[in-house]
Colleague: 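One structure coming up, written as C-alpha cells, with questions to follow.
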Amino acid sequence: MKEKEKFYITTAITYTSRKPHVGNTYEIVFTDAIARYNRALGKDVFFLTGTDEHGIKIQELAEKAGVSPKEYVDRVAGEVRGIWDLMNTSYDKFIRTTDEQHERVVSHIFKKLYDSGDIYKGTYTGWYCTPCETFFTDSQLVDGKCPDCGAPVQKANEEAYFFKMSKYQKWLEEYIEEHPDFMAPESRRKEMINNFIKPGLNDLCVSRTSFTWGVPVSFDQKHVIYVWIDALSNYITALGYDVDEKGELYKKYWPCDVHIIGKDIMRFHTIIWPIILKALGEPLPKQIFGHPWFLNGIDKMSKSKGNTIYADELADIVGVDGVRYYLLCEMPYANDGTITYENVIKRYNADLANTLGNLVSRTVAMTKKYFGGTVPEDACREALDDELKTLAAETCAQVTALMKEYRAQEALEKIFTLLSRANKYIDETCPWILAKEESTLPRLKSVIYNLLEVIRFSAVLLTPFITASAEKILSVFGLEGREILFENDAVYGLLESGTELRDCGILFARIDEEKTLKEIHEANLKKLAEKQKAENPAAKMPDEITIDDFAKVALRVAEVKECAPVKKSDKLLCLQLDLGYEQRQVVSGIAKFYKPEELTGKKVILVANLKPVKLRGVDSNGMILASGYTAPDGSEKVNVIFADPSAENGSEVR
C-alpha cells in the first residue's frame with residue numbers, strides 16, 4: 001500500500017494574557033480548514049496548536065489578579081482550548097510552553113547554542129515594550145512609544161545573553177532569494193526583505209533578569225530564557241525533538257509544510273526562527289504564511305480599545321458554523337477583513353440560511369412530496385443538467401487549486417457560486433409545474449436527482465469549512481460518519497437512486513436582524529458598565545460614612561508657591577503651599593505625571609488636617625487631592641484636582 005504524503009501544519013501559539021477574541025480565533029479556524037482539506041486529499045496530516053505562557057506580562061497580570069503565574073496561565077489556556085474545541089477544530093496536539101518536556105528541551109537548545117558560540121553574554125540598554133515583549137532602540141520608537149502597538153516603553157539596562165543574528169545575515173538573504181515561496185503572500189515577503197533584513201540584523205537579546213516567570217538558563221540561574229527561543233521552539237519540541245535525540249514524530253513530519261501566523265509576527269518567524277534552526281543544524285519549514293487581521297469597523301480588534309468580539313458569544317447568535325463560515329469567507333488572501341455583528345448576521349442570513357439552507361430544505365421537501373422521500377433516477381437529462389454537472393467539476397478543480405495556495409475565501413466563493421446556480425436551476429426547471437403532468441414526470445425525476453446531487457457534492461466540498469453542517473447535510477443521504485476523500489467523493493453522479501432521504505431539520509434558522517442587534521447592543525452596554533465598575537477603583541466603595549465623618553476632613557484651597565523634585569526619588573515632588581494664614585510643605589508622589597513648572601502658581605485642594613509624616617526623610621504636612629485611573633493602553637494616569645484660580649487661599653472646600 002502506498003504511504004500517505006505527510007503534511008505538518010501549525011498555528012502560532014496563543015499568548016495567555018487574556019481570553020482570545022474572534023480575530024485570534026480566525027487563525028485556528030483557517031488552519032483547521034487547511035488541515036481538513038489536506039486530509040480530504042488523503043494526506044497524513046499533523047496539526048499543532050497551543051499556548052505561549054511565559055514572560056513579564058504574564059507575571060504582572062498574575063500579580064494583579066492575586067494568583068501565581070501558573071494558576072493564571074492554567075485558567076487562560078483552558079479558555080483558549082475551550083474556544084478551539086467549541087469551534088470544532090481538529091488539532092492533533094495542543095502544546096503549552098509550561099509543559100515539562102518543552103521547558104526541558106528549550107533549556108537544552110539554549111545550552112547548545114551557547115556551547116557552539118552562537119549565544120554570548122553582554123549588557124542590554126534600550127527600550128522595552130511589555131505588551132509586545134520586545135526591545136527597541138531610540139530610532140525605532142514612534143513618538144517615544146512602541147512602534148508596533150503604541151504602548152509606553154520602559155528604559156531597560158540589564159545583563160543579558162545575546163544570539164548572533166548578524167552572523168547569519170548573508171546566509172538568510174541567500175536562502176530567501178533561492179526559496180521564493182518561503183514567505184507568503186508575496187507582499188509579506190517584500191516587507192520582510194526591504195524593512196527588516198536588508199537594513200541589517202542586530203544580535204538578539206535572548207534572556208532576561210528582571211523577571212522570573214520563564215525557563216531558567218541552566219548554567220546561569222538568575223537569567224530566564226526569553227520568548228523567542230522559548231516560544232518558537234514549540235514547533236519542534238511538540239514533535240519530540242531534543243538536541244541529541246530526534247523523536248519519531250519529528251523524523252516523520254519535520255520540516256513543517258506551513259506555519260500559519262498573523263502578519264504582525266511575520267518577522268520573528270521569517271528571521272529569528274530560520275536562524276535558530278540554521279544554528280541548530282535543522283531544516284527550515286517549507287513556508288511561512290502571514291494572514292491578515294480582522295478589523296472591527298476600521299480599527300484593529302483590541303481588548304484595550306473595548307471593541308472585541310468573542311467567538312463563543314458570536315456562536316450563541318449564529319452557531320459554530322456560522323462563525324466559521326464568516327471568518328473564512330470574509331478574510332481576503334492578503335488584505336485585512338472586517339467584522340461587525342451586523343455584517344455577520346447579514347452574511348449568515350444571505351448565504352447560510354438562504355442560499356444553502358433554503359436549497360436543502362426546498363429540495364428535500366420536493367423529494368418527499370413528489371417521490372415519497374426517495375432519490376429518483378436521472379431519467380431524462382437535458383443541457384441544463386450537463387451545465388450543472390460541468391460547473392460542479394470545475395468548482396472542485398478550482399477549490400483544489402485555491403486551497404493549495406490557502407485562498408479559503410475564494411474557495412468558499414466558488415462553492416457558493418455552485419449553490420446559487422442550483423437555486424437558479426430550480427427557477428429555470430419549475431419542478432412544481434413538471435409535477436402536474438404524467439408526461440413530464442421523467443423530467444421531474446432528473447431535476448430532483450440533479451438538485452440532490454449538487455447538494456451532496458457541495459456538502460463534500462464544504463466539509464473542511466463548515467464541518468458539522470456539511471456532516472448534517474450528508475446525513476440526509478446516510479453518508480455521515482465516514483472519511484471524506486475528494487478523490488472518491490467529489491465526483492458528480494455518485495448519488496444512488498432509491499436512497500431513502502433522512503430528515504436533518506432546519507440547518508440555519510433565519511435571524512431577525514433588527515431584534516438581535518438591539519439585544520446585542522443592550523447586552524454590550526450592560527457588560528461595559530459592569531467592566532468599568534469592576535476595573536474602576538473609584539467604583540469600589542469603602543464602607544459608608546456619615547456627614548459627621550466627612551466633616552472631620554479639613555479641605556482647604558492652597559496655592560503652590562514652589563515645587564521641586566525630592567532628592568534620590570523619581571516619584572516624589574516637594575510642594576510649598578500658601579494657605580493665606582500659613583505656609584505648608586507637602587510631599588506628593590506625582591513626579592511621573594507632572595513637572596514642577598506645571599504645578600507652580602496653580603491652586604490645589606489640600607487635606608489640611610492629615611497627620612504629618614516623613615517621606616524619604618522630608619516632612620509632609622498634608623496631602624493634595626488627585627484622581628487616578630488605568631488608561632486603555634495599561635498605563636497609570638494621575639490628574640491633580642485644581643481649584644478655581646479666583647478661589648481665596650485657605651478657603652474651605654465643602
Colleague: Compute the centroid of each ring, for Tyr250 and then for Tyr8, and state whether the two points are separated by less than 6.0 Å.
Modeller: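 When the ring centroids of Tyr250 and Tyr8 are compared, they turn out to be at least 6.0 Å apart.
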Colleague: Side chains of Tyr425 and Val447, heavy atoms from C-beta outward: is any pair under 4.5 Å?
Modeller: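 Answer yes - side chains close enough.
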Colleague: Could you tell me which residues satisfy salt bridge (charged side-chain N to carboxylate O under 4.0 Å, His left out) with Lys93, sequence neighbours excluded, listed by chain and number?
Modeller: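 Expected list: none.
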Colleague: Check Thr340 against Tyr326 and note the closest heavy-atom contact, atom names and distance.
Modeller: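 Nearest pair, atom of Thr340 first, then Tyr326: N-OH, 4.3 Å.
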Colleague: Throw together a table of side-chain donor-acceptor distances under 3.5 angstrom for residues 492-500, partners on residues two or more places apart or in other chains.
Modeller:
from: Tyr492; atom 1: OH; to: Asn450; atom 2: O; distance (Å): 3.4
from: Tyr492; atom 1: OH; to: Asn450; atom 2: OD1; distance (Å): 2.8
from: Thr499; atom 1: OG1; to: Glu496; atom 2: O; distance (Å): 2.7
from: Glu500; atom 1: OE1; to: Thr374; atom 2: OG1; distance (Å): 3.4
from: Glu500; atom 1: OE2; to: Thr374; atom 2: OG1; distance (Å): 3.0

Colleague: May I ask you to decide if Glu53's main-chain N or O and Thr97's side chain share a donor-acceptor pair within less than 3.5 Å?
Modeller: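 Side chain of Thr97 to backbone of Glu53, a donor-acceptor pair under 3.5 Å: yes, one is there.
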Colleague: Where the side chain of Asn349 meets the backbone of Arg510, is there a donor-acceptor pair that is under 3.5 Å apart?
Modeller: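 No; judged by distance alone, with no hydrogens or angles, the pair does not exist.
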Colleague: Strictly distance-based, threshold 3.5 Å: is any side-chain N or O of Glu27 a donor or acceptor partner for the main-chain N or O of Gly262?
Modeller: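 Judged by distance alone, yes, a pair lies under 3.5 Å.
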Colleague: Name every donor-acceptor pair, under 3.5 Å, that has one atom in a side chain of residues 410-418 and the other anywhere in the protein, sequence neighbours excluded.
Modeller:
from: Glu410; atom 1: OE2; to: Arg407; atom 2: NH1; distance (Å): 3.1
from: Thr417; atom 1: OG1; to: Glu413; atom 2: O; distance (Å): 2.8

Colleague: Let me know which of Arg347, Lys346, Arg324 forms a salt bridge (charged side-chain N to carboxylate O under 4.0 Å, His left out) with Glu330.
Modeller: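 Among Arg347, Lys346, Arg324, the one that satisfies the salt bridge (charged side-chain N to carboxylate O under 4.0 Å, His left out) with Glu330 is Arg347.
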Colleague: Does the cation-pi check pass for Lys19 over Tyr310, that is, NZ or CZ under 6.0 Å from the six-membered ring centre and within 45° of its axis?
Modeller: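 The answer is yes; both the distance and angle limits are met.
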Colleague: Excluding sequence neighbours, so at least two apart, what forms salt bridge (charged side-chain N to carboxylate O under 4.0 Å, His left out) with Lys472?
Modeller: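 In terms of salt bridge (charged side-chain N to carboxylate O under 4.0 Å, His left out), with neighbours along the sequence ignored, Lys472 is linked to no residue.
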Colleague: Please indicate whether Lys263 has more than 12 foreign heavy atoms, meaning atoms of other residues, nucleotides or ligands, lying under 6.0 Å from its NZ.
Modeller: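 Yes, NZ of Lys263 has more than 12 neighbouring heavy atoms, counting only those of other groups under 6.0 Å.
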Colleague: Could you go through the side chain to side chain contact (heavy atoms under 4.5 Å, CB included) check for Thr49 and Thr89 one step at a time?
Modeller: CA-CA 10 Å; Thr49 190; Thr89 58; over 6 Å; no
Colleague: Quick one: does any side-chain atom of Ser446 pair with a main-chain N or O of Arg443 as donor and acceptor, under 3.5 Å?
Modeller: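 Between the backbone of Arg443 and the side chain of Ser446 there is no qualifying donor-acceptor contact (under 3.5 Å).
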Colleague: Restricting to non-hydrogen atoms, name the atom on Tyr235 and the atom on Ile13 that form the minimum distance, rounded to 0.1 Å.
Modeller: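 In this case the closest contact between Tyr235 and Ile13 is OH-N, 4.4 Å.
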Colleague: Show me the donor-acceptor pairs within less than 3.5 Å that the side chains of residues 435-442 make with the rest of the protein, sequence neighbours left out.
Modeller:
from: Thr440; atom 1: OG1; to: Leu434; atom 2: O; distance (Å): 2.5
from: Thr440; atom 1: OG1; to: Glu437; atom 2: O; distance (Å): 3.0

Colleague: Can you spot which of Asp74, Asp52, Asn234 makes a side-chain contact (heavy atoms from CB on, under 4.5 Å) with Arg96?
Modeller: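 In the set Asp74, Asp52, Asn234, the residue that makes a side-chain contact (heavy atoms from CB on, under 4.5 Å) with Arg96 is Asp74.
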Colleague: Does Arg188 use its side chain to pair, donor to acceptor, with the backbone of Ile288 at less than 3.5 Å?
Modeller: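 Flag not set: sc Arg188 to bb Ile288 has no pair under 3.5 Å.
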Colleague: Strictly distance-based, threshold 3.5 Å: is any side-chain N or O of Arg39 a donor or acceptor partner for the main-chain N or O of Ile484?
Modeller: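 Flag not set: sc Arg39 to bb Ile484 has no pair under 3.5 Å.
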Colleague: Is the side chain of Asp32 donor-acceptor paired with the backbone N or O of Ser90 at a distance under 3.5 Å, no angle test?
Modeller: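 Confirmed, Asp32 side chain pairs with Ser90 backbone.
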Colleague: Quick one: does Tyr37's side chain have a donor or acceptor within less than 3.5 Å of a partner on Leu461's backbone?
Modeller: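 A pair under 3.5 Å: no.
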Colleague: Using the rule given for side chain to side chain contact (heavy atoms under 4.5 Å, CB included), can you reason through Thr463 versus Asp489, listing the C-alpha separation, both sets of side-chain angles and the distance that settles it, and then say yes or no?
Modeller: CA-CA 11 Å; Thr463 299; Asp489 298 299; over 6 Å; no
Colleague: Only counting residues at least two apart or in another chain, list the ones meeting ring pair (Phe, Tyr, Trp, His ring centres under 6.0 Å) with Phe182.
Modeller: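 Phe182 satisfies ring pair (Phe, Tyr, Trp, His ring centres under 6.0 Å) with Tyr175 once adjacent residues are dropped.
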